[in-house]
Amino acid sequence: MQTRNWNLGLALCFIAASLLTLFVWIPNDIESGVLIEERRSIDVGDALAPTAAAIAVLITSIALLLSSLLANRNAVSSEPPVGVSRSNLISIVTMALLLIVSLQLMVWGGPLTVKVLQSVGVALPEYRLLTDTIPYKYVGFVVGGFTLVCGLITWIEGRTGWRVVFTAIAAVVVLIIVYDVPFDSLLLPPNGSQ
């Protein structure tokens with residue numbers, strides 16, 4: 001019963017947040033639309049990614065709400081009381097550290113690679129000028145993304161192996177193919193913020 005109540009509350013909070021994002025934040029804060037049409041050319045607008053994310057959150061939250069409402073209300077709960085335990089705190093800290101390390105690798109992977117190559121004599125301009133140049137634009141995304149996916153799978157399953165490594169590589173490659181290859185004006189993180 002407690003899990004059902006938590007799921008209801010969580011679903012309602014995320015439904016409200018996604019609706020606010022879709023109808024208040026995105027229209028008032030992002031100038032371009034989802035798609036931009038200029039001279040018979042259609043490009044990705046700044047609002048595409050947050051709109052897609054908000055819609056995904058909304059759909060998932062509605063599914064959680066419906067599953068919670070349709071759950072058997074008369075089922076006897078054998079669940080332990082809900083609360084924050086020591087193991088919960090350890091899990092939160094572990095996940096936070098993994099996210100921080102992965103994001104730092106993503107941000108600094110490309111610039112540090114260019115600095116190292118420059119220090120051994122490779123003639124390269126500063127990283128800021130290479131954010132849309134293969135292979136430099138992928139270095140941070142690949143290193144940080146691989147670390148995040150591999151780290152999360154290893155942490156959740158409690159073990160690692162070749163399957164985890166291949167899954168992490170496949171996840172990063174699929175994201176590059178889906179988000180970078182089809183669009184000329186889209187930069188993978190963190191290059192878009194440089």
Close side-chain approach of Ile176 to Val142, heavy-atom, < 4.5 Å: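 Yes. Closest side-chain heavy atoms under 4.5 Å.
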Close side-chain approach of Leu148 to Leu152, heavy-atom, < 4.5 Å: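 The answer is yes, as the side chains (C-beta and beyond) meet within the 4.5 Å cut-off.
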Glu126 side chain vs Pro111 backbone, donor-acceptor pair below 3.5 Å: no
Kindly list each side-chain donor-acceptor pair under 3.5 angstrom involving residues 161-171, sequence neighbours excluded, with atom names and distances?
residue: Arg163; atom: NH2; partner: Glu157; partner atom: OE1; Å: 2.8
residue: Arg163; atom: NH2; partner: Glu157; partner atom: OE2; Å: 3.2
residue: Thr167; atom: OG1; partner: Arg163; partner atom: O; Å: 2.7

Once you round to the nearest 0.5 Å, how far does [atom1] of [X] lie from [atom2] of [Y]?
X      : Y      : atom1 : atom2 : value
Thr131 : Leu129 : OG1   : CG    : 8.0 Å
Thr113 : Gln118 : OG1   : CD    : 11.0 Å
Leu124 : Thr133 : CG    : OG1   : 9.5 Å
Ile15  : Ser61  : CD1   : OG    : 5.5 Å
Ile62  : Leu12  : CD1   : CG    : 10.5 Å
Leu105 : Leu112 : CG    : CG    : 9.5 Å

Heavy-atom pair of closest approach, residues Ser68 and Asn7: OG-CB, 3.0 Å
Nearest non-hydrogen partners of Leu98 and Gly151, listed with the distance: CD2-C, 3.4 Å
Pairwise side-chain hydrogen bond (donor to acceptor under 3.5 Å, both in side chains) hits with a residue in residues 90-112, at least two apart: Gln104-Trp108
If Ile, Leu, Val, Met, Phe, Trp and Tyr residues are connected whenever their side-chain heavy atoms lie under 4.5 Å apart, and connections chain through other members, are [X] and [Y] in the same group?
X      : Y      : result
Ile55  : Leu58  : yes
Met95  : Ile156 : yes
Ile59  : Leu64  : no
Tyr138 : Met106 : yes
Val116 : Val107 : no

What residues, two or more places apart in sequence or in another chain, satisfy side chain to side chain donor-acceptor pair (under 3.5 Å) together with [X]?
X      : answer
Tyr136 : none
Ser87  : Ser85
Trp25  : Asp29

Other cluster members, Val24 - Ile/Leu/Val/Met/Phe/Trp/Tyr, side-chain contacts below 4.5 Å: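 Val24 clusters with Leu20.
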Phe141 and Leu175: CA distance, side-chain angles, deciding distance, side-chain contact (heavy atoms from CB on, under 4.5 Å) verdict: CA-CA 10 Å; Phe141 187 78; Leu175 286 173; 3.9 Å; yes
